[in-house]
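These notes concern the structure reproduced below.
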Amino acid sequence: MASEMMRAHLLLPEMLLAGGALVVLVGGSFTPRHRQWILRVVAAAVCLAVIIAAAIAMSYPANTAFDDSYAVDTATGVARILAAVGSLLVLALAGEEIAGAARESDAYALLLFATAGAVLLAGATDLLALVVGFLLASIPLYALIGLVGTGSATEAMLKTYLLGALFGILLLLGVTLLSGVTGTTTYTELAARLPDAPRAVVTAAAVAVIGGLMFKAGGVPAHFWIPDAAQGSMVTAATFLTTVPKIGALIAVHRLAGVLPEGSEWPAVVAALAVASMLLGNLAAYWQTDVRRLLGWSTVSQVGYLLVPIVATGRSDLAQPSLLVYLAGYTVTNVAAFAVTAALPRHRDLTSWRGVAATSPWLSAALVVALLGLVGTPPTAVFVGKLTTASAAWDGGYAWLAAVVFANSVLSLFYYLRWLVPLYQPWAVAPPDRPGRWSVLVAVGSASLSLVVGVAAGLVWRTAGG
């Protein structure tokens with residue numbers, strides 16, 4: 001009976017990530033610096049194994065493990081695959097940036113640990129499991145951001161750590177309130193007992209837990225660390241922290257929303273956070289001149305769009321599918337944009353991108369696809385994500401929120417054009433870089449994936465009668 005309740009075999013992808021991280025961490029102590037590329041290969045193999053294991057697991061009916069504290073369903077399966085794909089692409093970028101560095105193996109181990117934490121967040125159906133996932137996804141990031149050792153990276157690391165501690169406490173406060181008024185931590189029992197709990201306490205607890213998860217998602221009000229970390233850390237860390245943790249955090253918010261009673265005010269709270277993230281991210285990005293800081297603020301706005309289908313949870317059948325489609329599109333599109341900056345590291349200021357299309361046409365094409373994809377231009381994957389997101393909001397009775405999505409999409413076009421227009425101007429300002437092979441492959445490959453996923457998702461949406 002106990003083994004039937006545990007079902008540890010259902011967590012094979014998570015065990016692969018955690019075990020692979022330990023192997024890389026320990027192996028780094030015995031591997032010469034000039035051969036630490038072997039550990040990068042090991043980490044990449046782990047990600048590939050996770051993708052395969054997760055895909056196989058998705059062919060079986062939904063299940064739970066560890067006494068219903070962890071769900072193995074479609075959302076968890078998609079999170080596993082997206083997190084592993086994102087980490088695999090980041091590992092390809094890392095090979096050029098930190099190959100031969102003193103902390104190379106440490107970086108790979110931290111990436112795998114943080115990926116495992118993001119996946120645990122996505123599958124958690126128990127408040128205690130949620131806290132464990134939050135900590136495992138957060139702590140490696142602090143070290144990863146500060147790994148480069150510069151002053152700006154150290155500042156970003158300290159800001160991330162302090163905000164993580166603050167919003168971690170907020171998350172624990174919400175968990176304490178929810179478990180205190182219900183006497184349980186599992187989501188199934190919470191769903192049955194929360195309707196009878198004091199409404200004010202439930203609302204306060206929901207605000208606290210969702211607010212804590214916003215730190216991992218990078219949305220308002222816990223967004224302050226994102227632009228600094230994107231600008232000051234190495235591009236490997238910047239790409240990872242703006243992509244993979246969001247997958248777990250946003251699915252975790254979606255799961256929690258499905259547990260909270262209809263009488264609480266959580267939809268208004270999430271809607272307010274969505275609008276604030278969209279507006280603040282877009283307005284702040286417009287004034288940036290550093291391209292990676294611009295992308296940092298862009299990711300804050302993207303969290304706003306991703307929160308919209310969560311508002312419709314319980315009111316629209318499109319809520320979860322639209323969230324998962326958007327996450328898939330955002331993952332490959334955001335990685336493509338950061339990969340372009342990795343390929344041309346000396347082009348940090350917007351003015352330095354003038355004339356780059358003449359010397360790097362493939363990278364420029366990838367950047368066009370990535371940035372217009374983040375706007376939501378067809379036929380990219382994010383376009384389908386925004387379309388389905390707006391449809392979910394409309395179907396759930398939040399037509400005004402769908403209008404905010406489209407208005408902010410138009411607003412975002414202006415600051416992306418500030419980056420795109422100089423690309424095709426006829427004179428160059430900065431001397432041309434010699435882009436690395438892997439960063440070019442990641443940029444072009446991720447941009448191509450954005451188009452492929454967009455076309456495929458669009459066909460499925462059309463076939464389903466969306």
Side-chain angles (χ1 to χ4, degrees), residues 210 214 217-223 226-227 242 246 250 253-254 257 265-288 293-313 315-316 318-319 321-330 333-334 337 350 368-421 450 454 457-458 461 466:
I210 293 172
M214 283 299 99
V220 173
H223 64 285
I226 289 283
T242 57
K246 297 182 189 300
L250 290 163
V253 176
H254 168 66
E265 302 300 327
W266 71 263
V269 173
V270 177
L273 294 178
V275 174
S277 297
M278 282 186 275
L279 280 174
L280 182 60
N282 285 329
L283 293 176
Y286 184 81
W287 305 105
Q288 305 304 317
R293 191 172 183 86
L294 183 150
L295 286 175
W297 280 111
S298 168
T299 65
V300 174
S301 71
Q302 294 295 325
V303 174
Y305 303 123
L306 286 160
L307 286 171
V308 170
I310 296 175
V311 179
T313 299
R315 298 193 177 191
S316 172
L318 297 174
S322 62
L323 174 63
L324 298 181
V325 169
Y326 202 136
L327 283 172
Y330 171 76
T333 307
N334 190 62
L350 285 174
V368 170
V369 171
L371 296 186
L372 292 183
L374 290 173
V375 173
T377 307
T380 60
V382 175
F383 165 73
V384 181
K386 286 190 176 181
L387 181 62
T388 55
T389 285
S391 299
W394 188 284
D395 187 50
Y398 296 94
W400 65 272
L401 202 51
V404 172
V405 168
F406 287 117
N408 273 276
S409 297
V410 174
L411 179 63
S412 69
L413 178 63
F414 293 99
Y415 65 81
Y416 289 126
L417 286 177
R418 292 182 61 224
W419 190 352
L420 291 175
V421 170
S450 177
W461 174 256

Provide the closest heavy-atom pair for [X] versus [Y] in the form atom of the first, atom of the second, distance.
X	Y	value
Ala390	Ala402	O-CB, 3.6 Å
Leu371	Ala337	CD2-CB, 4.5 Å
Ile310	Ala257	CG2-CB, 4.1 Å
Gln288	Leu350	O-CD1, 3.4 Å
Val220	Met214	O-CG, 3.7 Å
Val382	Gln302	CG1-OE1, 4.4 Å

Can you tell me how far the [atom1] atom of [X] sits from the [atom2] atom of [Y], to the nearest 0.5 Å?
X	Y	atom1	atom2	result
Arg293	Trp287	CZ	CH2	15.0 Å
Trp297	Leu280	CH2	CG	4.5 Å
Ser301	Leu279	OG	CG	10.0 Å
Tyr416	Leu374	OH	CG	4.0 Å
Asp395	Leu318	CG	CG	5.5 Å

| request: Would you confirm whether Thr333, through its side chain, and Tyr330, through its main-chain N or O, come within 3.5 Å as a donor-acceptor pair? | output: no
| message | Run Asn408 and Val275 through side-chain contact (heavy atoms from CB on, under 4.5 Å) and show every step you take. | response | CA-CA 9 Å; Asn408 273 276; Val275 174; 5.9 Å; no
| request: Using only heavy-atom distances, determine whether the side chains of Ser316 and Tyr398 contain a donor-acceptor pair under 3.5 Å. | output: no
| message | Do Asn334 and Thr242 pair up side chain to side chain, a donor and an acceptor below 3.5 Å, judged on atom types alone? | response | yes
| Among Val253, Thr389, Leu323, side chain to side chain contact (heavy atoms under 4.5 Å, CB included) partner for Leu306 | Leu323
| message | Could you walk me through whether Val405 and Trp394 satisfy the side-chain contact (heavy atoms from CB on, under 4.5 Å) test, starting with their C-alpha distance in whole Å, then the side-chain angles of each, then the deciding distance to 0.1 Å, before giving a yes or no? | response | CA-CA 11 Å; Val405 168; Trp394 188 284; over 6 Å; no
| query | Do other residues, nucleotides or ligands put more than 12 heavy atoms under 6.0 Å from Phe406 CZ? | reply | yes
| request: Test side-chain contact (heavy atoms from CB on, under 4.5 Å) on Leu420 and Leu372 and set out the steps. | output: CA-CA 9 Å; Leu420 291 175; Leu372 292 183; 3.9 Å; yes
| query | Going through the checks in order, is the side-chain contact (heavy atoms from CB on, under 4.5 Å) test met by Val300 and Val303? | reply | CA-CA 5 Å; Val300 174; Val303 174; 5.8 Å; no
| task | Over 60° means perpendicular and under 30° means parallel, so classify the ring planes of Tyr326 and Tyr305, tilted if in between. | result | parallel
| Passing option when Lys386 is tested against Ser409, Ser391, Ser322 for side chain to side chain donor-acceptor pair (under 3.5 Å) | Ser409
| message | For a 4.5 angstrom cut-off between non-hydrogen side-chain atoms, does Phe383 reach Val375? | response | no
